[in-house]
Q: 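Submitted below is the structure of interest, expressed as structure tokens.
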2 protein chains.
Amino acid sequence: MRESCRFSMAVHAMTVLAHRAREGHDGPMTSAEMADSINTNPVIVRRLLAALAQAGLVDTRPGNGGGAWLARDASRITLDQVHRAVEPPGGLIAMHDDTNGDCPVGSTIGDVLSDAIGRAEAALHAALEKITLAEIVQATMKHCPAAAAKARRAK
Amino acid sequence: MRESCRFSMAVHAMTVLAHRAREGHDGPMTSAEMADSINTNPVIVRRLLAALAQAGLVDTRPGNGGGAWLARDASRITLDQVHRAVEPPGGLIAMHDDTNGDCPVGSTIGDVLSDAIGRAEAALHAALEKITLAEIVQATMKHCPAAAAKARRAK
DNA sequence: TCATCGGTATCTATATTGGTTACAGTCGGC
DNA sequence: GCCGACTGTAACCAATATAGATACCGATGA
């Protein structure tokens, strides 16, 4: 459990939602159904959905017949949006603090390194921004003939 | 302590080494001196140095008068090399596994996502590759007039 | 010979993660 | 109006990884 898996689980959940939308199912999907595909606990999924809903990427409805669905078309959702929604801010590369202020390097390395790290992380976010959820959905169907056939039938 | 600070501490340590080289000090620097600037334990520094030495970025010598020094000029060391040396492999963005193989999405999302994440991380590494240790040293001296003056005197 | 180093093993405190259970609130069907 | 099905949270747990600390061994040079 080195790092957080929230991002990958969130993309998984949203991909399942997109698959359902593609198949014509208009009704919401329950956290239990998504948890079954991700193979985790429904509470984990609900925690992710809460973050995704706050970011405006999904909508949810409580009560009988409730669940979650994509707030907009999968082609208008990027992986970067998902990442920012579910991962805590502050960056992927951590920095040490409490450096020695009496040392020329220790007193300045913080600013210098955070600038360099910021540029590197910006590159990663830019790359994630270029990938849409729709492309992920397309790729999963390419990898799985059964799902592709299912999608064709629904059309 | 969310993620590892090894990368930032390693860059800090190597920047200190580069500063010393720039000032004309040819002798090795002890882990205790570097630890003083980073404000950590000498053992932490030695662990980083061991990884950096294995990657061929620094050289070390045990015994009296021993210590560490840069294996080559700071302009020929990139932040990406440092990152790969001290951070465990496997990537910055983790993935969940044990997905439900009976689900069209669960059975394929692993391959699809690891491809997408791989592209994003490659972008980050490419950005780190463009930044040399020499640029970091230059920036620290820009931020700290005292160090810059010291470097001029040594010339 | 001996103090000074790196290298490494071992232990601890701590933070975060995914997971689990439990429960309040909401919704729709009967 | 009642009841079961859902979300939304809070509270807790076990596992894990981290930085840090202590201790010891071997190497080195004065």
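Below, chain A is the first sequence line, B the second, and so on; all start at residue 1. Reckoned from all heavy atoms, side chains included, excluding hydrogens, waters and symmetry mates.
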Q: Only one of A:I136, A:V16, A:I38 passes side chain to side chain contact (heavy atoms under 4.5 Å, CB included) with B:I109; say which it is.
A: A:I136
Q: With the side chain counted from C-beta on, respond yes when B:E129 and B:L79 share a heavy-atom pair under 4.5 Å apart, and no when they do not.
A: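 B:E129 vs B:L79: side chains apart.
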Q: By nearest nucleotide on DNA chain D, pick out whichever of A:M29 and B:E87 is the more 5' one.
A: A:M29
Q: Do we see a donor-acceptor contact under 3.5 Å between the side chains of A:T78 and A:D80?
A: no
Q: For DNA chain C, which residues of residues 66-74 of chain A approach it to below 4.0 angstrom with any heavy atom?
A: none
Q: Rounded off to whole Å, could you give me the CD-to-P distance for the B:E3 and D:dT18 pair?
A: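 Distance, rounded to whole Å: 11 Å.
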Q: From A:L113 CG over to A:M95 CE, what is the distance, rounded to the nearest 0.5 angstrom?
A: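 Between atom CG of A:L113 and atom CE of A:M95 there are 5.0 Å.
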Q: What is the distance, rounded to the nearest whole Å, between atom CE of A:M34 and atom P of C:dG18?
A: 17 Å
Q: Counting only side-chain N and O atoms of A:S4, is one of them less than 4.0 Å from OP1 or OP2 of C:dT16?
A: no
Q: Can you tell me if B:T30 touches the phosphate of C:dC5, counting only side-chain N or O atoms and a distance under 4.0 Å to OP1 or OP2?
A: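 No, outside the criterion.
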Q: What's the CZ-P distance between B:F7 and D:dA17, to the nearest Å?
A: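 Rounded to the whole Å, the gap is 22 Å.
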Q: Could you tell me if the side chain of A:V82 sits less than 4.5 Å from the side chain of A:L133, heavy atoms only?
A: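 Not in contact.
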Q: Parallel, tilted or perpendicular: which one describes the rings of B:H83 and B:F7, with boundaries at 30° and 60°?
A: perpendicular
Q: Using only side-chain N and O atoms of B:R6, determine if any of them is under 4.0 Å from OP1 or OP2 of D:dA19.
A: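 Answer yes for this pair, as a side-chain N or O of B:R6 is under 4.0 Å from OP1 or OP2.
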Q: With distance as the sole criterion, do the side chain of A:R47 and the base of C:dG19 form a donor-acceptor contact below 3.5 Å?
A: yes
Q: How many Å lie between CD1 on B:I38 and P on D:dA21, as a whole number?
A: 13 Å
Q: Whole angstrom is fine here: how far is it from CE in A:M9 over to C1' in C:dT17?
A: 9 Å
Q: If only side-chain N and O atoms of A:T40 are considered, is one of them under 4.0 Å from the OP1 or OP2 phosphate oxygen of C:dG19?
A: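 Yes, within the criterion.
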Q: Would you call B:M141 and B:H19 a side-chain contact if the rule is heavy atoms closer than 4.5 Å?
A: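 Contact flag for B:M141/B:H19 side chains = yes.
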Q: Is there a donor-acceptor contact under 3.5 Å from the side chain of A:S37 to the main chain of A:M34?
A: no
Q: Can you tell me how far C1' of C:dA24 sits from CZ of A:R46, to the nearest Å?
A: 12 Å
Q: Taking only N and O in the side chain of B:T60, is any of them less than 4.0 Å away from OP1 or OP2 of C:dG7?
A: yes
Q: Give the residues of residues 48-56 of chain A touching DNA chain D, defined as any heavy atom closer than 4.0 Å, sorted by residue number.
A: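 Per residue number, the list is empty: none.
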Q: Give the rounded distance in Å between these two atoms: CE of B:M95 and C1' of C:dG18.
A: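 My rounded result for the distance is 16 Å.
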Q: Rounded to whole angstrom units, what separation is found between the CD1 atom of B:I44 and the P atom of D:dA21?
A: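 Computing the B:I44:CD1 to D:dA21:P distance gives 8 Å.
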Q: Would you say CZ of A:R76 has more than 12 non-hydrogen atoms from neighbouring residues, nucleotides or ligands within 6.0 angstrom?
A: no
Q: Ignoring the backbone of B:N64, work out which of D:dT9, C:dA3, C:dG18 is nearest its side chain.
A: C:dA3
Q: Please determine if a side-chain N or O atom of B:N41 lies less than 4.0 Å away from the OP1 or OP2 oxygen of D:dA21.
A: yes
Q: Do side-chain atoms of B:E121 reach the backbone of B:G118 as a donor and acceptor pair under 3.5 angstrom?
A: no
